[in-house]
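For the single chain, residues carry numbers from 1 onward in sequence order.
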Amino acid sequence: MIKQRELEAFDAFMRLGNMKGAGELLGLSQPAISRLLVTFEAQIGFALFVRKRNRLTPTPEALQYHQTVQRTLAALRDAEEEAVAIANKKTGHLVIAAQPVFCDTFLLDAVAIFREKHPGVSVKLVDVGLEEMTRMLAERTCDMALGITLDAEAFGATATTLARCEACCILPIDHPLNETDVLPLPRLRQETFIDLSLGSPLRTRVDFLMQTIDVKREIAAEMRNLRGVVKLVEMGMGLAIVDPVACRLLDPDKAVTRPLLPSISWEIAQFVPRDRQISAVGQAFLEVIRTEIDLLKEQKLVV
């Protein structure tokens, strides 16, 4: 079997033209270079050199084969550099599936912070609903996912709870209900809503609770994007029941938040495809996410 050191000795000799230069380049003695070349030539099955008066002259076949050896050594160097980069979390690619509420808020900060620390790692953030998120986990097309549970269990994934939170109501700054510290759901009977799109876990829970107290809501607009829901509330088009991290999107001069009664609570969870180990760069990204979650806890948006 051809050894890397033999390839290096052949390459050094071909580039420098003599044993002395090849030995100095590789940190070996001239006899050591000679032995490597003899062994190398015996293994490949054709003559590399014409030997005359203790001088080696490369054959045409050696000149041709040297091109292949150079490519091989370059590939080995690339492989070594890639291994070092992976070990030091300097290269890689992550696919993160996340529900829209997180893509609109703390995940943006998490990606920016992560990329600053690991500029060689690309991050693909995929905005998905719960159904699409579970499909990506089941098909192993994402490295990890972030979602709200609301008692929904992702198929084919292992879930880790990161925090617990409760929905809140956001209202235009001049809304009459702003005078109430806590909003009982029946008080919202006559209100106009800006809502998340059908299929959202939070929307599903809110619809169910409203039905149990016989409240038929008037929905002025529906959006998949939480940032858009907040903006419409700030414009005075209605109120909305949202994830508490939406408070990070609010302009306090245009809208306020109020807790609800009864509360609507859920867990923020990290999902990983079952039987799949997270890479080193994936672990590094999770560390950044946990730091962002801790910041949300400090801001008392989650617990």
Set of ring pair (Phe, Tyr, Trp, His ring centres under 6.0 Å) partners for Phe114, sequence neighbours left out: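 Counting only residues at least two positions away or on another chain, Phe114 forms a ring pair (Phe, Tyr, Trp, His ring centres under 6.0 Å) with His118, Phe285.
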
Is there a side-chain contact between [X] and [Y] (heavy atoms, below 4.5 Å)?
X	Y	result
Leu296	Val245	yes
Leu183	Leu239	no
Pro100	Asp127	yes
Arg15	Leu25	yes
Ile113	Glu292	yes
Val230	Leu250	yes
Val242	Val233	no
Met237	Thr192	no

Residue pair [X] / [Y]: nearest heavy atoms and the distance that separates them:
X	Y	value
Ala97	Met133	CB-CG, 4.4 Å
Pro262	Leu185	CD-CD1, 3.9 Å
Gly147	Phe271	N-CE1, 3.9 Å
Arg115	Val121	NH1-O, 2.8 Å
Glu222	Ile219	CG-CG2, 3.7 Å
Leu28	Ile33	CD1-CD1, 4.0 Å

Pair Val229-Asp195, side-chain contact (heavy atoms from CB on, under 4.5 Å): steps then yes or no: CA-CA 7 Å; Val229 170; Asp195 231 328; over 6 Å; no

Spell out, yes or no, whether [X] and [Y] are grouped together once hydrophobic residues are joined by side-chain heavy atoms under 4.5 Å, including indirect joins.
X	Y	answer
Met235	Met223	yes
Val303	Leu260	no
Val69	Leu63	yes
Val206	Ile213	yes
Ile264	Leu261	no

Could you give the distance from [atom1] ([X]) to [atom2] ([Y]), rounded to the nearest 0.5 Å?
X	Y	atom1	atom2	answer
Cys103	Arg227	SG	CZ	11.0 Å
Glu191	Ile241	CD	CD1	10.5 Å
Thr59	Leu48	OG1	CG	5.5 Å
Leu107	Thr105	CG	OG1	6.5 Å
Gln99	Glu132	CD	CD	11.5 Å
His66	Leu7	NE2	CG	10.0 Å

Mutual orientation of the aromatic rings belonging to Phe40 and Phe10 [parallel < 30°, tilted 30-60°, perpendicular > 60°]: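 Tilted: the ring planes of Phe40 and Phe10 meet at 30° to 60°.
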
[X] side-chain N/O to [Y] backbone N/O, donor-acceptor pair under 3.5 Å:
X	Y	result
Ser34	Gln30	no
Glu41	Phe49	yes
Asp11	Gln70	no
Thr212	Leu209	yes
Arg164	Val302	no
Asp243	Val101	no

Any Lys/Arg nitrogen of [X] or [Y] sitting under 4.0 Å from an Asp/Glu carboxylate oxygen of the other?
X	Y	answer
Arg203	Asp207	yes
Glu287	Lys117	no
Glu8	Arg5	yes

Would you find more than 12 non-hydrogen atoms of other residues, nucleotides or ligands less than 6.0 Å from [X] atom [atom1]?
X	atom1	value
Asp251	CG	yes
Arg51	CZ	yes
Lys297	NZ	yes
Phe46	CZ	yes

Check against side chain to side chain donor-acceptor pair (under 3.5 Å), Arg258 and Thr180: CA-CA 8 Å; Arg258 293 290 184 269; Thr180 305; over 6 Å; no

side-chain contact (heavy atoms from CB on, under 4.5 Å) between Gln270 and Leu286, intermediate numbers included: CA-CA 9 Å; Gln270 157 210 322; Leu286 284 175; 3.5 Å; yes

Salt bridge (Lys or Arg N to Asp or Glu O under 4.0 Å) against Arg187, all qualifying residues, sequence neighbours excluded: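 In terms of salt bridge (Lys or Arg N to Asp or Glu O under 4.0 Å), with neighbours along the sequence ignored, Arg187 is linked to no residue.
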
Among Leu137, Thr160, Asp143, Ile278, the one residue meeting side-chain contact (heavy atoms from CB on, under 4.5 Å) with Val272: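 Result: among Leu137, Thr160, Asp143, Ile278, Ile278 is the only option passing the side-chain contact (heavy atoms from CB on, under 4.5 Å) with Val272.
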
